[in-house]
Amino acid sequence: MPQDLMREGGKAAVARSLDWLVKGVPSALEPELRQPAMAFNLTVLAALLGTVLEPDLSGVDLLIEDVSEHHYRIDRTMFHLTGSPNVRKVARLRLGRVGDIPFNDPDFGRDEVSIVKEWCERSGITYGGRADIGHDVLNRVVPFRR
């Protein structure tokens, strides 16, 4: 994202993106990516479900990340997401970085990894592990291809 230039270490993030866009440098990509792939902010993807903007996720390596959401909100959103027949058609679901999680009192009792794993298991979606994406300057490129 161009705004990364304003963050510490952001110049490298922008350079990595441009390396992919201009030169096709494979090291800019998320390292364990399988095509076709799509990456979304969890909250945004959940909002797209059921609208004309909902993407076809059949056979997709789906990567999700989020920022500034409580664990209970991540749990609720995963319930919504994994209830979608479209989402259940993904090849696998991978979790990127989930940062700046607000403190909750009382503690929710589970972290984002256990929440995502549980909802994947409940819905028959393959959990593919962690992904190197997020709302930060370390974010890797995930080109959408169909």
Side-chain angles (χ1 to χ4, degrees), residues 1-7 9-10 12-21 24-104 107-146:
M1 298 294 285
Q3 73 180 16
D4 282 338
L5 285 174
M6 306 303 288
R7 300 179 186 184
V14 172
R16 185 172 43 257
S17 296
L18 290 173
D19 279 348
W20 171 253
L21 288 171
V25 176
S27 63
L29 298 176
E30 199 287 329
E32 302 297 320
L33 203 58
R34 296 180 189 164
Q35 291 293 348
M38 294 184 184
F40 290 94
N41 170 278
L42 175 60
T43 302
V44 171
L45 178 57
L48 292 175
L49 296 180
T51 72
V52 297
L53 300 175
E54 179 177 353
D56 178 7
L57 298 172
S58 303
V60 164
D61 194 14
L62 179 61
L63 288 68
I64 58 171
E65 53 78 26
D66 216 322
V67 66
S68 300
E69 295 290 351
H70 288 87
H71 283 125
Y72 72 87
R73 297 259 319 167
I74 295 167
D75 184 65
R76 246 190 268 164
T77 306
M78 285 301 299
F79 165 73
H80 174 70
L81 195 78
T82 59
S84 164
N86 183 22
V87 174
R88 290 181 180 209
K89 294 177 187 172
V90 300
R92 64 181 181 162
L93 187 145
R94 298 180 56 219
L95 178 63
R97 286 180 289 284
V98 179
D100 195 26
I101 298 171
F103 174 75
N104 194 71
D107 183 55
F108 186 67
R110 290 181 294 147
D111 66 7
E112 62 276 11
V113 175
S114 62
I115 292 167
V116 171
K117 281 182 176 179
E118 178 183 342
W119 283 109
C120 283
E121 185 178 316
R122 284 179 166 205
S123 59
I125 296 170
T126 299
Y127 174 71
R130 299 306 302 263
D132 195 7
I133 64 165
H135 270 74
D136 55 39
V137 297
L138 301 175
N139 195 28
R140 304 291 247 179
V141 175
V142 178
F144 286 33
R145 294 185 183 150
R146 285 308 284 176

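The structure presented is a predicted model; accordingly, all values stated were derived computationally and were not measured.
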(request) Give the ring-plane orientation class for Tyr72 versus Phe108, where under 30° counts as parallel, over 60° as perpendicular and anything between as tilted. (result) tilted
(request) Decide yes or no for Pro55 and Phe40: does some side-chain heavy atom of the first lie under 4.5 Å from some side-chain heavy atom of the second? (result) yes
(message) Checking His135 against Ser68 for the side-chain contact (heavy atoms from CB on, under 4.5 Å) test, could you report, in this order, the C-alpha distance in whole Å, the side-chain angles of both residues, the deciding distance, and whether it holds?
(response) CA-CA 10 Å; His135 270 74; Ser68 300; over 6 Å; no
(message) Would you compute the distance between atom OG of Ser84 and atom NZ of Lys89 and round it to the nearest 0.5 angstrom?
(response) 8.5 Å
(message) Once rounded to the nearest 0.5 Å, what's the spacing between atom OG1 of Thr43 and atom CG of Leu45?
(response) 9.5 Å
(message) Please evaluate residues Trp119 and Thr77 with respect to the criterion side-chain contact (heavy atoms from CB on, under 4.5 Å), reporting the C-alpha separation (whole Å), side-chain torsions for both, the decisive distance (0.1 Å), and the verdict.
(response) CA-CA 10 Å; Trp119 283 109; Thr77 306; over 6 Å; no
(message) Check Arg97 with Asp132, please: is the shortest side-chain N to carboxylate O separation under 4.0 Å?
(response) yes
(request) Specify the closest pair of heavy atoms between Gly134 and Asn139, including all atoms of both residues, with the distance to one decimal. (result) N-OD1, 3.0 Å
(request) Work out which heavy atom in Ala39 is nearest to a heavy atom in Phe144; give both atom names and the distance. (result) O-CZ, 3.2 Å
(message) Testing Arg92, Met38, Arg34 one by one against Val60 for a side chain to side chain contact (heavy atoms under 4.5 Å, CB included), which residue passes?
(response) Met38
(message) When you compare the side chain of Val116 with that of Val98, does any pair of heavy atoms fall below 4.5 Å?
(response) no
(request) Identify the two heavy atoms, one from Gly59 and one from Ala91, that lie closest to each other, and give their separation to 0.1 Å. (result) O-CB, 3.6 Å
(request) Answer yes or no: does atom CD of Glu121 have more than 12 heavy-atom neighbours from other residues, nucleotides or ligands under 6.0 Å? (result) no
(request) Return the minimal non-hydrogen interatomic distance between Asp75 and Ile115, and the atom names on each side. (result) CA-CG2, 3.5 Å
(message) Checking side chain to side chain contact (heavy atoms under 4.5 Å, CB included) between Glu30 and each of Val141, Asp61, Val142, which is the one that passes?
(response) Val142
(message) Keeping His70 on the side-chain end and Asn104 on the backbone end, is there a donor-acceptor pair under 3.5 Å?
(response) no
(message) Contact between Arg16 and Val25 at the side-chain level, heavy atoms closer than 4.5 Å - yes or no?
(response) no
(request) Determine the minimum heavy-atom distance between Arg140 and Ile133, stating which atoms define it. (result) O-CG2, 3.9 Å
(message) On a heavy-atom basis, which atom in Pro143 and which in Leu33 lie closest, and how many Å separate them?
(response) CD-CD2, 3.9 Å
(request) To the nearest 0.5 angstrom, please state how far the CZ atom of Arg73 sits from the CG atom of Leu42. (result) 9.5 Å
(request) Starting at CD1 of Ile64, measure out to CG of Leu93 and round the result to the nearest 0.5 Å. (result) 4.5 Å
(message) Using 0.5 Å steps for rounding, measure from the CG atom of Asn86 to the CG atom of Leu57.
(response) 4.0 Å
(message) Could you check whether Arg122 pairs with Glu118 (Lys NZ or Arg NE/NH1/NH2 to Asp/Glu carboxylate O, under 4.0 Å)?
(response) yes
(request) For atom OH of Tyr127, decide whether the heavy atoms of other residues, nucleotides or ligands shown that lie under 6.0 angstrom number more than 12. (result) yes
(message) Measuring only between side-chain heavy atoms, which start at C-beta, is His71 closer than 4.5 Å to Arg110?
(response) no
(request) Drop me the distance from Leu63's CG to Arg94's CZ, to the nearest 0.5 angstrom. (result) 5.0 Å
